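We're numbering straight along the sequence, starting at 1. Nothing here was measured: the structure is a model prediction, and the numbers come from that model.
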Amino acid sequence: MLRSTTSLRPLRALVLALATLVAGVALGVGLSPSLGDTVRAPRTSGLTIVDVRGDAANGFDVHHLNGTIDYTETISEALAECLGYDTVRARARCRGHLTTWYADLGTLQQTIRYYQQLFD
């Protein structure tokens with residue numbers, strides 16, 4: 001069955017917005033030495049994530065700008081807690097959220113490493 005192109009519009013808009021954001025960051029990094037004192041550091045919250053260490057099998061350590069560290073469970077422990085939900089639908093939703101969250105932490109970890117290499 002072919003998918004309708006109208007269902008892909010939100011995804012395309014998201015991809016375009018992310019591409020624009022990445023291009024803007026790249027342009028800002030490229031221009032910042034020439035702008036001198038006019039470039040200001042962005043305002044960040046103390047909860048801004050500055051580093052992610054670990055993996056899903058052993059749990060992640062999420063380091064914040066204010067010095068706090070959040071420790072996640074291993075993915076198997078977190079998935080086991082999903083069994084405590086009453087309905088099959090709730091258990092499936094829990095597993096879906098967890099697998100997405102742990103995959104996103106892995107992606108964030110790669111992104112942080114990439115940007116750290118740019119500034120080293």
Sub-3.5 Å donor-acceptor pair from the side chain of Thr99 to the main-chain atoms of Arg95, do we have one? yes
State the CG-SG distance between Leu79 and Cys94, to the nearest 0.5 angstrom. 7.0 Å
Minimal heavy-atom distance between Gln109 and Val52, with the atoms involved, is NE2-O, 3.1 Å
Do the side chains of Phe60 and Tyr71 get nearer than 4.5 Å, heavy atoms only? no
Going from CG on Leu108 to CG on Asp104, what distance comes out if it is rounded to the nearest 0.5 angstrom? 8.5 Å
Does anything in residues 46-67 pair up under salt bridge (charged side-chain N to carboxylate O under 4.0 Å, His left out), and if so which pairs, sequence neighbours excluded? Asp51-Arg53
So Ile69 and Val62, do their side chains get closer than 4.5 Å, heavy atoms only? no
Within this structure, what is the OG1-CH2 distance for the pair Thr72 and Trp101, rounded to the nearest 0.5 Å? 8.5 Å
Heavy-atom closest contact (Cys82 atom, Leu98 atom, distance): SG-CD1, 3.4 Å
At their closest point, which heavy atom of Val50 faces which heavy atom of Ile112, and how far apart are they? O-CG2, 3.6 Å
Sub-3.5 Å donor-acceptor pair from the side chain of Arg91 to the main-chain atoms of Tyr85, do we have one? yes
Using side-chain heavy atoms (C-beta onward) and a distance below 4.5 Å, is His64 in contact with Asp70? yes
Apply side chain to side chain donor-acceptor pair (under 3.5 Å) to His97 and list each qualifying residue two or more places apart in sequence or on a separate chain. none
Looking at every heavy atom in both Leu47 and Asn66, which two are closest together, and how far apart are they? CD2-ND2, 3.9 Å
So how far is it from Gln110 CD to Tyr115 OH, rounded to the nearest 0.5 Å? 13.0 Å
Going only through I, L, V, M, F, W and Y residues with side-chain contacts under 4.5 Å, is there a path from Tyr114 to Phe119? yes
